[in-house]
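In what follows, residues are counted from 1 in the order of the sequence shown. Treat the numbers as computed from the prediction; the structure is a model and nothing was measured.
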Amino acid sequence: MQLRTREVAKFLSGIAFHETLGHWWLGIWGQHMLPWKFSWFTFTSTVNTVAMAIWPIVFIALVWFAWLRKPGASAG
């Protein structure tokens, strides 16, 4: 079974949408929960703000690639 790149992009767009919702929720209603400290990384509100900007861009790019792009634009 060969996975086509557009099908992979559809799957990844679901993950990107989930990440977008999660980071926006955390940015609007969950600020009191931050920071989260791990052994090697601290997830702060600044890191979340960057993620709030990056994940929607990733989501839109994947949606464009998977559904909106003309099929003959490139191989895939």
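- Residues W64 and F17 are members of one and the same hydrophobic cluster, defined by side-chain heavy-atom contacts under 4.5 angstrom among Ile, Leu, Val, Met, Phe, Trp and Tyr.
- Considering every non-hydrogen atom in both A16 and L62, the closest pair reads CB-CD1, 4.2 Å.
- Proximity of a side-chain donor or acceptor of W24 to a complementary backbone N or O of M52 within less than 3.5 Å is detected.
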Residues 42-51, side-chain donor-acceptor partners within the protein, below 3.5 Å, at least two apart:
residue, atom, partner, partner atom, Å
T44, OG1, T46, N, 3.4
T44, OG1, V47, N, 3.4
N48, OD1, H23, ND1, 2.7
N48, ND2, H23, O, 3.2
T49, OG1, S45, O, 2.8

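- Residue pairs that meet the salt bridge (charged side-chain N to carboxylate O under 4.0 Å, His left out) test with at least one member in residues 9-26, sequence neighbours left out, are E7-K10.
- The same ILVMFWY cluster, assembled from side-chain heavy atoms under 4.5 Å apart, contains both I54 and I15.
- Between W67 and S13, some side-chain heavy-atom pair lies under the 4.5 Å cut-off.
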Atom pairs and distances, donor-acceptor, side-chain atoms in residues 26-37, under 3.5 Å, two or more places apart:
residue, atom, partner, partner atom, Å
Q31, NE2, G27, O, 3.2
H32, ND1, W29, O, 3.4
W36, NE1, M33, O, 3.1

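- No side-chain heavy atom of L21 sits under 4.5 Å from any side-chain heavy atom of W25.
- The main-chain N or O of R6 is never found under 3.5 Å from a side-chain atom of R69 such that the two would form a donor-acceptor pair.
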